[in-house]
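Each remark here refers to the structure printed beneath this line.
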Amino acid sequence: MNKKVTFDRGQMEERIVDIYVSADTLRDGETSTKREKTADTAPNNGPGDQHSEPDSSGKRPFLVAAVFLGLLCVLLLAGIIGLSVYYNRAIKDSEDKRNNLSQSCSLYKTNATAERDQLQTRYNNLTKERDQLQTRYNNLTEERDQLQTRYNNLTEEKGHIQLKLFVIEQHCQEGWRYFDSSLYFLSTETKTWEKSRQDCQGRGADLVIINSREEQTFLFNLHLRAWIGLTDSVTEGIWKWVDGTPLTTGYWGKGQPDDYGQEDCVEIYYGQDDPVKTWNDENCHKYHDWICEKVV
Ligand SMILES: [Ca+2]
Ligand SMILES: [Ca+2]
Ligand SMILES: [Ca+2]
């Protein structure tokens with residue numbers, strides 16, 4: 001029995017040994033051999049020695065675990081410290097980048113503001129220059145329009161003058177006289193006042209109307225006794241020109257008009273010394289030369 005027990009204990013110890021061998025496979029083979037020898041000699045020892053060996057081997061796993069846990073804790077602590085350092089460095093780098101970015105933004109904002117102010121100043125100057133140019137353009141446009149109007153008027157006047165010169169030249173070739181914008185036809189025969197007027201109208205004119213002292217003098221210097229376009233045949237004493245206008249200034253000769261024997265038509269004659277006192281009212285049926293006038 002004892003052997004059996006011992007044998008059984010031996011088996012048990014062998015199993016225990018096997019367990020520790022498995023746990024200490026990383027240890028060297030010498031130590032394992034010693035344990036096996038010890039297990040082989042264990043049946044020769046007393047009961048007290050057989051119980052002390054298993055107790056010493058049973059504490060080692062816990063020691064290994066403690067060491068392992070300690071190492072694990074050290075590794076964790078080192079990892080935490082490393083992460084903390086990395087985190088702090090990352091935060092510092094981030095703050096540095098943010099500060100740099102903030103400084104860059106501030107500088108960019110300052111430059112952008114200065115550039116914007118310069119552009120605004122240029123814009124204001126260009127706007128002012130544009131307004132001045134617009135004002136000059138408006139003035140030049142107005143001046144151009146005025147010059148264009150003057151040019152048109154001068155062109156029109158030139159046309160009138162050319163036409164007037166053509167008419168004057170043509171009439172002068174036909175024996176008419178020109179004075180102060182009027183053409184005068186001097187008859188070469190005698191007729192009554194009414195027939196004389198019809199002759200003038202047939203020439204596109206009428207008996208002369210004396211409008212000024214200068215015209216009176218001009219006619220006086222022609223040394224003619226001739227009918228002029230003045231009559232009071234409608235109302236005695238109310239002298240009117242052939243265009244219907246009333247007489248305002250008359251160049252009557254001395255004692256005229258006298259309506260001697262009903263004289264209702266007027267002649268100009270040159271037998272006086274004073275050129276502005278040469279008119280006489282005369283019988284309209286008498287024959288005299290006549291003077292036609294055409295205003296050009
Ligand atoms: Ca006249
Ligand atoms: Ca009369
Ligand atoms: Ca008379």
Side-chain angles (χ1 to χ4, degrees), residues 156-157 159-296:
E156 186 177 1
E157 187 176 354
H160 291 160
I161 290 174
Q162 286 178 337
L163 178 61
K164 184 176 176 180
L165 288 174
F166 174 77
V167 172
I168 291 171
E169 184 178 1
Q170 190 176 32
H171 282 73
C172 288
Q173 289 176 355
E174 296 174 357
W176 291 60
R177 307 287 182 91
Y178 177 78
F179 175 77
D180 194 19
S181 299
S182 286
L183 287 165
Y184 299 90
F185 175 78
L186 310 180
S187 72
T188 56
E189 57 182 329
T190 60
K191 289 186 177 184
T192 64
W193 187 90
E194 189 62 35
K195 289 292 183 181
S196 297
R197 187 181 184 195
Q198 289 175 1
D199 179 82
C200 290
Q201 290 173 334
R203 299 175 187 275
D206 207 334
L207 286 172
V208 62
I209 297 173
I210 300 175
N211 306 94
S212 66
R213 189 183 187 94
E214 290 75 18
E215 190 175 17
Q216 165 65 26
T217 302
F218 165 75
L219 295 174
F220 173 80
N221 290 331
L222 294 176
H223 297 284
L224 293 174
R225 183 175 184 179
W227 293 120
I228 64 173
L230 185 65
T231 178
D232 69 342
S233 60
V234 176
T235 304
E236 176 59 32
I238 304 299
W239 299 97
K240 286 192 175 181
W241 294 104
V242 289
D243 64 352
T245 56
L247 174 67
T248 55
T249 302
Y251 303 102
W252 298 105
K254 187 178 180 181
Q256 303 300 328
D258 56 3
D259 195 42
Y260 183 77
Q262 191 179 0
E263 297 174 327
D264 296 336
C265 294
V266 178
E267 60 172 345
I268 183 173
Y269 63 99
Y270 61 92
Q272 304 291 328
D273 294 334
D274 193 345
V276 295
K277 293 182 178 178
T278 61
W279 292 2
N280 174 46
D281 57 342
E282 178 72 307
N283 188 310
C284 297
H285 299 291
K286 287 189 176 180
Y287 281 65
H288 290 296
D289 290 317
W290 69 92
I291 302 172
C292 304
E293 180 184 10
K294 179 187 289 187
V295 179
V296 294

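For ligands, and for the atoms within them, numbers begin at 1 and follow the listed sequence.
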Give the atom name of whichever N/O/S atom in Glu215 sits closest to the Ca ion (ligand 1).
->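 Of the nitrogen, oxygen and sulfur atoms in Glu215, the Ca ion (ligand 1) lies nearest to OE2.
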
With rounding to the nearest 0.5 Å, note down the distance linking OH in Tyr269 to NE2 in His288.
-> 11.5 Å

Can you tell me how far the CD atom of Glu267 sits from the CG atom of Asp281, to the nearest 0.5 Å?
->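 Output value for this atom pair is 9.0 Å.
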
Do Tyr251 and Phe220 have ring centroids that are under 6.0 Å from one another?
-> no

Trp239-Trp279 aromatic ring centre distance below 6.0 Å |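 No, the ring centres sit 6.0 Å or more apart.
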
Taking the six-membered ring for Trp, are His223 and Tyr270 parallel (under 30°), tilted (30 to 60°) or perpendicular (over 60°)?
->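 Perpendicular: the ring planes of His223 and Tyr270 meet at over 60°.
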
Between Asp199 and Lys195, does at least one N-O distance fall below 4.0 Å, as a salt bridge requires?
-> no

Pair Glu174 + Arg203, salt bridge at N-O below 4.0 Å | no

Does Glu263 bring an N, O or S atom to under 3.0 Å of the Ca ion (ligand 2)?
->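 Within the cut-off used here (under 3.0 Å), Glu263 does place an N, O or S atom near the Ca ion (ligand 2).
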
Any N, O or S atom of Asn211 closer than 3.0 Å to the Ca ion (ligand 1) |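 So Asn211 does bind the Ca ion (ligand 1) by this criterion.
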
Within the stated cut-off of 3.0 Å, is an N/O/S atom of Val295 closer than that to the Ca ion (ligand 1)?
-> no

Asp281: its N/O/S atom lying closest to the Ca ion (ligand 3) (atom name) =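 Of all N, O or S atoms in Asp281, the Ca ion (ligand 3) lies closest to OD1.
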
Give the name of the N/O/S atom in Asp258 that lies closest to the Ca ion (ligand 3).
-> OD1

Please test Asp206 against Gln201 for side-chain contact (heavy atoms from CB on, under 4.5 Å), starting from the C-alpha separation and ending with a verdict.
-> CA-CA 5 Å; Asp206 207 334; Gln201 290 173 334; 4.0 Å; yes

If you consider just the N/O/S atoms, which atom of [X] is the closest one to the Ca ion (ligand 2)?
X	answer
Asp232	OD2
Asp259	OD1
Asp264	OD1

Where the Ca ion (ligand 3) is the vertex, angle from Asn280 OD1 to Gln256 OE1 to 10° =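 Result: 70°, to 10°.
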
Which value, rounded to 10°, describes the O(Ile209)-the Ca ion (ligand 1)-OE2(Glu293) angle?
->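 About 130°, to the nearest ten degrees.
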
